[in-house]
S.K.: 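Dropping the structure in here first, questions after.
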Amino acid sequence: MESDKKIEELLEKYFEATATVAEEETLRTYFSQESVATHLAQYAPMFQYFTSAKEERFTKQVPLKPKRNYFKWASIAAAAVLLVGLYMNRPEADPTPDDLMAMYTPEEIESAQEALAMLGMNLNKGTAQLSHLGEFEKTTNKFLTKE
Amino acid sequence: MQQSEFLNVVMPFKDKLFRLAKRLLVSTEEAEDATQEILLKLWSKNKVMESYNNVEAFAMTMTKNFCLDRLKSKQANNLKLVHSNYAEENSGLQTQLEAKDSVDWVQKIMEDLPEQQKMVLQLRDVEQYDYDEIAEMLDMQPTAVRVALSRARKLVREKLVQKHSYGIG
């Protein structure tokens with residue numbers, strides 16, 4: 001155990017920052033013990049703190065494996081798949097009027113138009129007749145409101 | 001450099017990086033993040049690492065710079081939280097608690113020191129580096145390290161004594 005005198009000298013050197021690492025170590029061990037001279041006790045917390053501060057550890061795991069660029073490659077692959085898919089599923093071009101002319105003779109087209117016109121006419125006839133039903137409804141409504 | 005080799009080089013001083021980061025950033029989480037960042041940066045440099053003659057000092061310097069940058073950007077972005085109203089110390093506490101308390105006080109005192117003194121104190125009194133090593137890490141003259149260290153130690157002592165006499169008076 002160091003004498004108080006020695007410790008005082010070391011402390012002086014310590015505060016002037018001229019003490020060696022070994023001398024500072026002596027101070028730390030001196031202040032880590034239970035019995036410290038009362039006039040030196042005020043320095044104890046410093047050295048005790050430095051000793052305890054050294055106990056702290058870095059516990060977090062560091063993922064060192066460099067992140068393989070899976071995402072990069074996956075995005076490239078996805079883009080490629082998308083492009084191929086789009087190419088494969090390209091919707092067939094709609095038949096243009098030119099194609100219609102090419103596929104059917106003018107007579108055929110004309111008869112088709114005629115048939116469609118007839119269909120429209122007859123449909124209109126039917127709906128016109130249906131309008132009589134409206135009259136029927138009006139009269140029933142009259143009865144209902146009278147009651 | 002292989003991963004195992006890298007780990008062998010880095011593991012012995014990773015705690016020191018963390019403690020320095022924590023000294024500067026105060027918060028444990030932030031210090032952990034910073035340390036992780038530094039280690040990853042080092043790992044990304046593993047090809048050239050063999051050419052560094054002192055990887056540890058290099059890593060310490062990196063940590064210092066990283067944390068100081070962090071602090072700077074934080075100060076620019078956030079309002080600083082200042083604790084000016086620490087809870088009043090109870091004078092009737094048991095002596096053992098009081099001793100523990102004053103050890104914690106050293107930590108609080110150190111938080112208030114200027115960054116450079118903080119680092120010098122951390123590197124010398126906690127990690128026990130040579131003055132030359134500290135000078136290399138902090139990019140300072142060895143004499144400047146001594147001056148800063150002496151100043152820091154005296155400041156801590158002064159504040160600690162102040163604190164003690166408050167307790168008595």
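Every chain is numbered from 1 and lettered A, B, ... according to where its sequence line falls, protein lines coming before strand lines. Since the model is a prediction, treat every value here as computed from it, not as a measurement.
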S.K.: Is A/Ala19 in contact with chain B via its backbone, its side chain, both, or neither, using a 4.5 Å heavy-atom distance?
M.R.: backbone

S.K.: Is it possible for you to say whether B/Met11 and B/Trp43 belong to one hydrophobic cluster, with membership spreading through side-chain heavy-atom contacts below 4.5 Å?
M.R.: yes

S.K.: Check whether A/Thr51 gets within reach of chain B through its side chain, its backbone, both or neither, counting any heavy atom under 4.5 Å.
M.R.: neither

S.K.: Looking at CG of B/Leu160 and OH of A/Tyr49, how far apart are the two atoms once the value is rounded to the nearest 0.5 Å?
M.R.: 12.5 Å

S.K.: B/Tyr131 versus chain A, heavy atoms under 4.5 Å apart: side chain, backbone, both or neither?
M.R.: side chain

S.K.: At their closest point, which heavy atom of B/Val103 faces which heavy atom of A/Ser52, and how far apart are they?
M.R.: CG1-OG, 4.4 Å

S.K.: What pair of heavy atoms forms the shortest contact from B/Asp125 to A/Arg28, and how long is it?
M.R.: O-NH1, 3.2 Å

S.K.: Top residue by heavy-atom pair count (under 4.5 Å) with chain A, among B/Glu127, B/Arg151, B/Arg124?
M.R.: B/Arg124

S.K.: Indicate yes or no for a side-chain donor-acceptor contact from B/Arg157 to the backbone of A/Gln42 under 3.5 Å, with no hydrogens or angles considered.
M.R.: no

S.K.: So do B/Thr35 and A/Lys60 actually touch side chain to side chain, heavy atoms under 4.5 Å?
M.R.: no

S.K.: Looking at B/Leu149 and A/Ala17, what are the two nearest heavy atoms and their distance?
M.R.: CD2-CB, 4.0 Å

S.K.: Using side-chain heavy atoms (C-beta onward) and a distance below 4.5 Å, is B/Met110 in contact with A/Phe50?
M.R.: yes

S.K.: Below 4.5 Å from any heavy atom of chain B, which atoms of A/Phe47 appear? Answer side chain, backbone, both or neither.
M.R.: neither

S.K.: Within residues 19-29 of chain B, which positions have a heavy-atom distance to chain A below 4.5 Å?
M.R.: B/Arg19, B/Lys22, B/Arg23

S.K.: Kindly check if the number of other-residue, nucleotide or ligand heavy atoms within 6.0 Å of CD (B/Gln116) is above 12?
M.R.: no

S.K.: Against chain B, work out which of A/Glu56, A/Met46, A/Glu25 has the most heavy-atom pairs shorter than 4.5 Å and name it.
M.R.: A/Glu56

S.K.: For atom CD of A/Glu108, is the number of surrounding heavy atoms from other residues, nucleotides or ligands below 6.0 Å larger than 12?
M.R.: yes

S.K.: Out of B/Arg146, B/Gln107, B/Lys14, return the one with the most heavy atom pairs under 4.5 angstrom to chain A.
M.R.: B/Gln107

S.K.: With respect to B/Arg153, which candidate in A/Glu24, A/Glu12, A/Glu16 satisfies the salt bridge (charged side-chain N to carboxylate O under 4.0 Å, His left out) definition?
M.R.: A/Glu24

S.K.: Go through B/Asp15 and A/Lys54 one step at a time and tell me if the side-chain contact (heavy atoms from CB on, under 4.5 Å) criterion holds.
M.R.: CA-CA 9 Å; B/Asp15 293 328; A/Lys54 216 187 170 179; over 6 Å; no

S.K.: Treat each ILVMFWY residue as a node, draw an edge where side-chain heavy atoms are under 4.5 Å apart, and state whether B/Val9 and B/Tyr52 are in one component.
M.R.: yes

S.K.: Would a single hydrophobic cluster contain both B/Val48 and B/Leu40, if residues Ile, Leu, Val, Met, Phe, Trp and Tyr are joined by side-chain heavy-atom contacts under 4.5 Å?
M.R.: yes

